[in-house]
Amino acid sequence: MSKTVLVTGGAGFIGGNFVRLLLNETDYAVVNVDALTYAGNLISLQDIEDHPRYTFVHGNICDEAVIQNVLNEYAPSSIVNFAAETHVDRSIQGADEFLQTNVLGVQALLKPVIAGNIERFVQVSTDEVYGSLGPEGRFTETTPLDPGNPYSASKAAADFLVRAAVNTYGIDACITRCSNNYGPFQFPEKLIPLMIHRASHGKTLPVYGDGQQVRDWIHVEDHCRAVLAVLERGKKGEVYNIGAENEIQNIEVVRTILTALDKPDSLIEFVKDRPGHDRRYAMDNTKISRELGWHPTVSFAQGMQATIDWYSNNAEWIQSIISKEYIRYFERQYGTASGT
Ligand code: NAD
Ligand code: DAU
């Protein structure tokens, strides 16, 4: 009988792509526990919702009873935790929910692992826990954690909790730290889907500050395959950086989108910078490549074109997830003048 993986946050962007990968390319059964916050959408999982190896449970990772029921009913052998509050700008507006889910939620998930009821725990973390880089160098797994905003501080706290549980209780856990993802089903508050959506409608594109901040972009499928490699072959207690060596300035990403959609540069609007904005991220992925044999397969050019095509062909997906809450967030973040 195939093993069962408990995937948390599987109705979100990366978790959903991971659930699809497990169902389409492995034998695992999948139980997806998701609280369906503004960022979680079952519409994104319509193609696999009736899959015989898939179960959805509407629940919060902070709720120990929900997790215990899942353990009792489905006996998963591992947990891969994607559930999180993930948007930096929202964490700057208010961080309470970030601490609740990203810290206390992880603490709640660790309890059954510590109790010996789960063979392996994978905590999906982020390159942001390392803070901001100057013009040179890359983050390695030994770079000291130096988070620069409430979101990344909450993710770093979770990393420390996992590390402490490995050290104290000897649990089998790994941490993955990936760079910026792009691809299908990403919530349109994040740079790439936001800019594609707005450019397609001829709306202005709000670029923070001078637009010369650098992010290291990876296609979500490459990230998911890396997490699967860690789940199956990662060494107990280890951290794995994941990145695809695609360092690009924000302004260049935005211009790529405008060119692909045949829209003018005049749509770009430089707006007030994000407070505490990290200048540059860049990942060294030597460890995961050497030790687990994982390598990125999607080039930025190819992945971006496919992504732009996906959003253009799935405009109804964005329309279906744009809620009143999104419009209120957008107005708080960008001012009413920008509109959605
Ligand atoms: P997302 O915001 O698209 O999805 C998050 C999901 O978690 C949603 O489905 C939401 O409903 C669910 N969720 C939130 N709080 C929950 C709770 N308390 N209980 C259960 N479910 C809850 O996020 P994403 O971009 O897919 O990111 C997934 C993970 O990957 C996060 O842990 C994030 O920190 C990490 N990560 C993201 C990126 C990126 O570029 N997006 C890069 C590196 C790491
Ligand atoms: O690096 C990994 C992280 O990437 C993940 O851990 C986070 O969950 C994910 O949200 C992402 O964080 P960023 O802050 O880097 O992503 P975001 O898409 O919000 O912004 C990317 C860059 O674009 C950043 O430098 C800010 C800038 N930006 C963003 C938005 C939304 C703009 O210039 N204008 C915008 O409107």
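Numbers for residues simply follow the sequence, beginning at 1. In each ligand, atom 1 is the first atom listed, and ligand 1 is the first ligand listed.
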task = Among all protein heavy atoms, pick the one closest to atom 8 (O) of ligand 2 and tell me residue, atom and distance.
result = T86 O, 2.8 Å
task = Would you tell me which option among P206, S91, S152, G12 has the nearest heavy-atom contact to atom 34 (N) of ligand 2?
result = P206
query = Out of F330, W217, Y208, whose heavy atom sits nearest atom 33 (O) of ligand 2?
reply = Y208
message = Quiz question: by atom type and distance under 3.5 Å, do the side chains of T86 and K190 form a donor-acceptor pair?
response = yes
note = So the atoms of ligand 2 within less than 4.0 Å of a heavy atom of Y334 turn out to be 30 (C), 31 (C), 35 (C), 36 (O)
query = So, N41 side chain and S44 main chain: donor-acceptor pair closer than 3.5 Å or not?
reply = no
ask   = What atoms of ligand 2 come within less than 4.0 Å of a heavy atom belonging to V207?
value = 33 (O)
key: Heavy-atom nearest neighbour in the protein, as seen from atom 27 (C) of ligand 2, with distance rounded to 0.1 Å   = N250 ND2, 3.4 Å
query = Does ligand 1 have an atom under 4.0 Å from some heavy atom of L36?
reply = yes
inquiry  = What protein heavy atom lies closest to atom 43 (C) of ligand 1? Include the residue and the distance to one decimal.
reply    = C178 O, 3.3 Å
note = Shortest non-hydrogen pair, P188 vs I318, comes out as CB-CD1, 4.1 Å
query = For ligand 1, which atoms sit closer than 4.0 Å to a heavy atom of Y151?
reply = 33 (C), 34 (O)
ask   = Taking R215 for the side chain and N250 for the main chain, is one N or O donor matched with an acceptor at less than 3.5 Å?
value = no
ask   = Looking only at heavy atoms, what is the nearest atom pair of P76 and V5, with distance?
value = CB-C, 4.4 Å
ask   = Should one rank Q213, H277, R90 by closest heavy-atom distance to atom 26 (C) of ligand 2, which comes out on top?
value = H277
task = Please indicate whether R53 has more than 12 foreign heavy atoms, meaning atoms of other residues, nucleotides or ligands, lying under 6.0 Å from its CZ.
result = yes
request  = List the atom of W294, the atom of D222, and the distance in Å for their closest heavy-atom pair.
outcome  = NE1-O, 3.1 Å
message = For atom 30 (O) of ligand 1, what's the nearest protein heavy-atom neighbour? Residue, atom name and distance, please.
response = V124 CG1, 3.5 Å
Donor-acceptor side-chain pairing of E189 and Y326 below 3.5 angstrom = no
task = Provide, to 0.1 Å, the distance between atom 2 (C) of ligand 2 and the closest protein heavy atom, together with that atom's residue and name.
result = D127 OD1, 3.1 Å
inquiry  = What I want to know is whether L191 and ligand 2 share at least one N or O pair that is separated by under 3.5 angstrom.
reply    = yes
message = If hydrophobic clusters are built from ILVMFWY residues whose side chains come within less than 4.5 Å, do L231 and L71 share one?
response = no
ask   = Which ligand 1 atoms, with their elements, are less than 4.0 angstrom from a heavy-atom of K155?
value = 31 (C), 32 (O), 33 (C), 34 (O)
ask   = D309 and Q305: side-chain donor and acceptor closer than 3.5 Å?
value = yes
task = Give the numbers and elements of all ligand 1 atoms closer than 4.0 Å to a heavy atom of T37.
result = 10 (C), 11 (O), 14 (C), 15 (N)
inquiry  = Pairing donors with acceptors under 3.5 angstrom, does anything connect the side chains of Y182 and N246?
reply    = no
Option of least heavy-atom distance to atom 14 (C) of ligand 1 (set: A84, G9, A35) = A84
query = Strictly by modelled atom types, are T8 and N81 linked by a side-chain donor-acceptor pair under 3.5 Å?
reply = yes
ask   = Counting each atom of ligand 1 from 1 as listed, which ones have a heavy atom of G40 under 4.0 Å away?
value = 8 (C), 9 (O), 11 (O)
message = What protein heavy atom lies closest to atom 12 (O) of ligand 2? Include the residue and the distance to one decimal.
response = E128 OE2, 2.8 Å
ask   = With atoms numbered from 1 as shown, which atoms in ligand 1 lie under 4.0 angstrom from a non-hydrogen atom of A83?
value = 7 (O), 20 (C), 21 (N), 22 (C)
query = Just distances here: any N/O of D89 and N/O of ligand 2 closer than 3.5 Å?
reply = no
query = Has G10 got any heavy atom lying under 4.0 angstrom from an atom of ligand 1?
reply = no
message = Side chain, backbone, both or neither: which applies to Y182 and ligand 1 if a contact is any heavy-atom pair less than 4.0 Å apart?
response = neither
inquiry  = Please list, in number order, the atoms of ligand 2 under 4.0 Å from a heavy atom of Y151.
reply    = 5 (C), 6 (O), 7 (C), 8 (O)
query = In terms of atom number and element, which parts of ligand 1 are under 4.0 angstrom from non-hydrogen atoms of N180?
reply = 40 (O)
request  = Would you mind finding which of N81, I61, I14 brings a heavy atom closest to atom 19 (N) of ligand 1?
outcome  = I61
query = Among the clusters formed by ILVMFWY side chains lying less than 4.5 Å apart, do I196 and L267 turn up in the same one?
reply = yes
remark   = Note: R138 and L133 closest approach over all heavy atoms is CA-CD1, 4.0 Å
remark   = atom 42 (C) of ligand 1 has as its nearest protein heavy atom S179 O, 3.3 Å
query = Non-hydrogen atoms of F82 versus ligand 1: any pair closer than 4.0 Å?
reply = yes
query = Does N181 use its side chain to pair, donor to acceptor, with the backbone of S179 at less than 3.5 Å?
reply = yes
message = For ligand 2 and D278, I'd like to know whether there is a polar contact (N/O to N/O, distance under 3.5 Å).
response = no
inquiry  = Heavy atoms only, cut-off 4.0 Å: how does R177 contact ligand 1, side chain, backbone, both, or neither?
reply    = neither
message = Just to be sure I'm reading this right: ignoring hydrogens, which of R274, K190, E189 gets closest to atom 19 (O) of ligand 2? Compare them by their nearest heavy atoms.
response = R274
ask   = Should you measure from each heavy atom of A11, which atoms of ligand 1 turn up under 4.0 Å away?
value = 9 (O)
task = Could you list the atoms of ligand 1 found under 4.0 angstrom from a heavy atom of T101?
result = 15 (N), 16 (C), 17 (C), 18 (N)
query = Are R90 and Y329 in a cation-pi setup, meaning NZ or CZ lies under 6.0 angstrom from the ring centre and within 45 degrees of the ring axis?
reply = yes
remark   = Per ring-ring contact (aromatic ring centres under 6.0 Å, His included), F187 is matched among Y38, F13, Y311 by Y38
note = Taking only non-hydrogen atoms of L194 and a 4.0 Å limit, the atoms of ligand 2 in range are 36 (O)
request  = For atom 3 (O) of ligand 1, grab the closest protein heavy atom and report residue, atom and distance to one decimal in Å.
outcome  = F13 N, 3.1 Å
request  = Run down the list D210, V214, I268, N180 and name the one with the heavy atom closest to atom 11 (C) of ligand 2.
outcome  = N180
ask   = What closest approach, in Å, do V162 and A173 show between heavy atoms, and which atom pair accounts for it?
value = CG1-CB, 3.7 Å
query = Looking at side-chain heavy atoms only, is the closest gap between K155 and R177 below 4.5 Å?
reply = no
query = If you measure from each heavy atom of S125 to ligand 1, is any distance below 4.0 Å?
reply = yes
task = State whether the shortest distance between N or O atoms of C178 and N or O atoms of ligand 2 falls below 3.5 angstrom.
result = no
query = What atoms of ligand 2 come within less than 4.0 Å of a heavy atom belonging to V88?
reply = 14 (O)
ask   = If you look at every heavy atom in D146 and Y130, which pair is closest and at what distance?
value = CB-O, 3.7 Å
key: Those atoms of ligand 2 less than 4.0 Å from some heavy atom in H87   = 19 (O)
